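Every value quoted in this text rests on a predicted model; they were computed, and no experiment measured them.
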Amino acid sequence: MVVPELPEVETVRRGLDVAAVGRTIGSVEVFGPRTVRRHAAGPADFAARLRGRRIEAAVRRGKYLWLRLDDGAALLAHLGMSGQFLAVPAGTPDPPHLRARFRFTDTGPELRFVDQRTFGGLALDEVAANESSTAVPVTVAHIALDPLDPAFDRGAVYERLRRRRTGIKRALLDQSLVSGIGNIYADEALWRAKLHYARGTDTLRRAEVERLFDGVDEVFAAALRAGGTSFDSLYVAVNGESGYFDRSLEVYGREGEPCSRCGAPIRREPFMNRSSYRCPRCQRTPREPRW
DNA sequence: CACACAGCCTGCTGGC
DNA sequence: TGCCAGCAGGCTGTGT
């Protein structure tokens with residue numbers, strides 16, 4: 001199972017565009033309270049308020065995605081570590097870890113939310129009426145623009161990076177600075193830009209930040225191509241396993257293997273109670289690292 | 001506001 | 001063979 005970052009969530013959003021948009025919800029089942037823990041009014045309210053709602057659009061920012069409903073609210077979803085949406089014919093046996101089921105008023109496939117590790121979740125949220133930026137659910141208001149957003153502004157991110165006093169990878173993972181990047185693509189983008197993860201953000205030059213976001217764009221584009229080519233639009237419009245980009249990574253998960261640029265063995269190092277992978281030759285430790 | 005970190009969770013892996 | 005620690009890492013809440 002691959003952890004979903006922006007490209008995977010975007011692949012899911014495209015699947016929902018096909019599988020859910022334009023349909024009207026008939027009934028909703030929620031299995032256990034945890035999946036809707038962010039919905040303060042509880043599972044019964046969640047289900048009741050969704051009944052009869054028509055889905056008008058599938059929207060994403062960073063790793064959040066939501067279905068815009070015909071009453072102005074949004075069905076907000078986060079996949080967490082392991083969440084998947086599956087569109088399957090009614091009667092298909094329930095899989096393990098089924099957390100919610102959406103039936104529609106038509107005879108098409110039902111939609112399921114499946115999540116092994118339950119870091120994911122669903123909620124009903126109001127969409128803030130804000131004339132200065134894209135309308136997003138209240139819960140998503142603090143999430144920064146992601147690099148695929150037409151309004152994403154590298155120059156503005158650079159200015160914020162320069163004012164920070166932290167390491168570049170911490171900053172990349174901060175969804176209030178730039179959204180959509182997780183541990184895997186952070187390492188991949190840093191490798192492409194030949195930057196060490198502990199490089200102080202206040203020492204970065206503009207050209208380095210350009211290289212970094214070029215790297216982000218490249219890994220995102222490659223992952224989206226992989227996701228876009230391999231999903232079955234009829235059966236599993238939305239499948240967390242097919243189409244995930246896990247075979248073309250340069251450093252992530254490749255400890256001991258040679259760097260494809262210089263041949264030095266890739267190193268794995270503990271970082272933020274996780275792992276960072278880097279090439280020790282292409283990505284040298286800075287003189288004044290900020291871990 | 002900026003920054004750092006504990007805690008939430010389940011399945012798999014490897015050491016003993 | 002079985003047990004259990006360690007690992008995977010998204011986000012929120014809380015502390016400084």
Side-chain angles (χ1 to χ4, degrees), chain A residues 1-13 31-40 60-66 76-85 95-100 113-123 125 136-144 146 156-190 197-204 220 223 240-241 244-246 249 251-256 267-277 288-291:
Chain A
M1 176 66 69
V2 176
V3 174
E5 301 186 26
L6 183 148
E8 291 75 26
V9 179
E10 172 61 15
T11 299
V12 170
R13 190 204 65 76
F31 306 101
R34 186 169 158 78
T35 291
V36 293
R37 63 195 177 281
R38 302 279 168 206
H39 187 77
R60 179 194 55 74
R61 173 177 287 186
K63 304 174 205 173
Y64 275 95
L65 69 93
W66 60 95
L76 182 69
H78 198 290
L79 303 180
M81 304 291 292
S82 55
Q84 300 176 59
F85 278 102
H97 314 302
L98 177 64
R99 307 301 179 187
F113 185 70
V114 178
D115 186 16
Q116 176 202 105
R117 290 164 69 182
T118 73
F119 277 52
L122 305 172
D125 202 358
V136 298
V138 173
T139 305
V140 181
H142 69 291
I143 301 295
D146 62 62
V157 173
Y158 171 71
E159 293 302 329
R160 290 186 66 190
L161 283 169
R162 292 284 309 198
R163 290 196 294 272
R164 290 207 167 191
R165 297 292 179 269
T166 189
I168 182 58
K169 184 168 172 182
R170 281 184 187 277
L172 279 182
L173 297 177
D174 181 347
Q175 305 295 303
S176 69
L177 182 68
V178 50
S179 68
I181 303 170
N183 197 46
I184 296 171
Y185 295 127
D187 282 1
E188 294 297 308
L190 288 165
Y197 55 82
R199 178 71 182 279
T201 54
D202 53 340
T203 70
L204 285 169
F220 278 5
E241 287 176 54
Y244 275 21
F245 175 63
D246 58 1
L249 301 176
V251 284
Y252 184 83
R254 296 192 172 277
E255 182 180 20
R267 199 171 287 174
R268 182 177 77 87
E269 291 161 340
F271 177 80
M272 295 173 75
N273 290 320
R274 302 179 161 70
S275 293
S276 275
Y277 296 86
E288 293 181 40
R290 290 186 183 276
W291 309 102

Of the listed nucleotides ([options]), which one gets closest to any side-chain atom of [X]?
X      : options               : result
A/H78  : B/dA4, B/dC9, C/dC11  : C/dC11
A/Q116 : B/dC5, B/dG11, B/dC3  : B/dG11
A/Y64  : B/dC5, C/dG10, C/dT12 : C/dT12
A/E5   : C/dG10, B/dT10, B/dC3 : C/dG10
A/R165 : C/dG10, B/dC3, C/dA8  : B/dC3

Worksheet item: Is A/R37 touching bases, backbone alone, or none of the nucleic acid, heavy atoms closer than 4.0 Å?
Response: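 No contact.
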Can you tell me if the side-chain N/O atoms of [X] get under 4.0 Å from OP1 or OP2 in [N]?
X      : N      : result
A/R38  : C/dC11 : no
A/R34  : B/dC8  : no
A/T166 : B/dA4  : yes
A/Y185 : C/dG10 : no
A/H97  : B/dC9  : no
A/H142 : C/dT12 : yes
A/R99  : B/dC9  : no

Within this structure, what is the [atom1]-to-[atom2] distance between [X] and [N], rounded to whole angstrom?
X      : N      : atom1 : atom2 : value
A/F271 : C/dA8  : CZ    : C1'   : 16 Å
A/D115 : B/dT10 : CG    : P     : 10 Å
A/E255 : B/dT13 : CD    : P     : 17 Å
A/L6   : C/dC11 : CG    : P     : 11 Å
A/F119 : C/dC7  : CZ    : P     : 15 Å
A/L79  : B/dC9  : CG    : C1'   : 16 Å

Worksheet item: When you check the gap from the basic side-chain N to the acidic O, do A/R13 and A/E10 get nearer than 4.0 Å?
Response: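 Looking at A/E10 together with A/R13, the answer is yes, because their closest N to O distance falls below 4.0 Å.
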Worksheet item: Can we say A/K63 and A/D146 salt-bridge, meaning some charged N sits less than 4.0 Å from an Asp/Glu carboxylate O?
Response: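 Salt bridge between A/K63 and A/D146, a charged N being under 4.0 Å from a carboxylate O: no.
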Fill in: Backbone N/O of A/G121 and side chain of A/R34: donor-acceptor pair under 3.5 Å
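A pair under 3.5 Å: no.
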Discussion item. Is it the case that the side chain of A/T201 and the backbone of A/R164 share a donor-acceptor pair, with hydrogens and angles ignored and the cut-off at 3.5 Å?
Written reply: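 At least one qualifying donor-acceptor pair exists.
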Worksheet item: Closer to the 5' end of DNA chain B via nearest nucleotide, is it A/N273 or A/R160?
Response: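 Comparing both residues, the 5'-ward one is A/R160.
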Worksheet entry | 5' precedence on DNA chain B between A/R164 and A/T118 (nearest-nucleotide basis) |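 Its nearest nucleotide lies further toward 5', so the answer is A/R164.
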Worksheet item: For the side chain of A/R274 and the base of C/dA8, is some donor closer than 3.5 Å to an acceptor across the two?
Response: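 Checked by distance alone, the answer is no.
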Worksheet item: Which string of ( ) [ ] | and . matches DNA chain B, if you list each base 5' to 3' and count Watson-Crick or G-U pairs only when both distances are under 3.5 Å?
Response: .|||||||||||||||
Practice prompt. For the pair A/H142 and A/Y64, name the ring-plane relationship: parallel under 30°, tilted 30 to 60°, perpendicular over 60°.
Written response: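 Judged by the thresholds at 30° and 60°, the geometry between A/H142 and A/Y64 is perpendicular.
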Discussion item. Less than 4.5 Å apart, side chain to side chain, heavy atoms only: is that true for A/S276 and A/R274?
Written reply: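 Contact flag for A/S276/A/R274 side chains = no.
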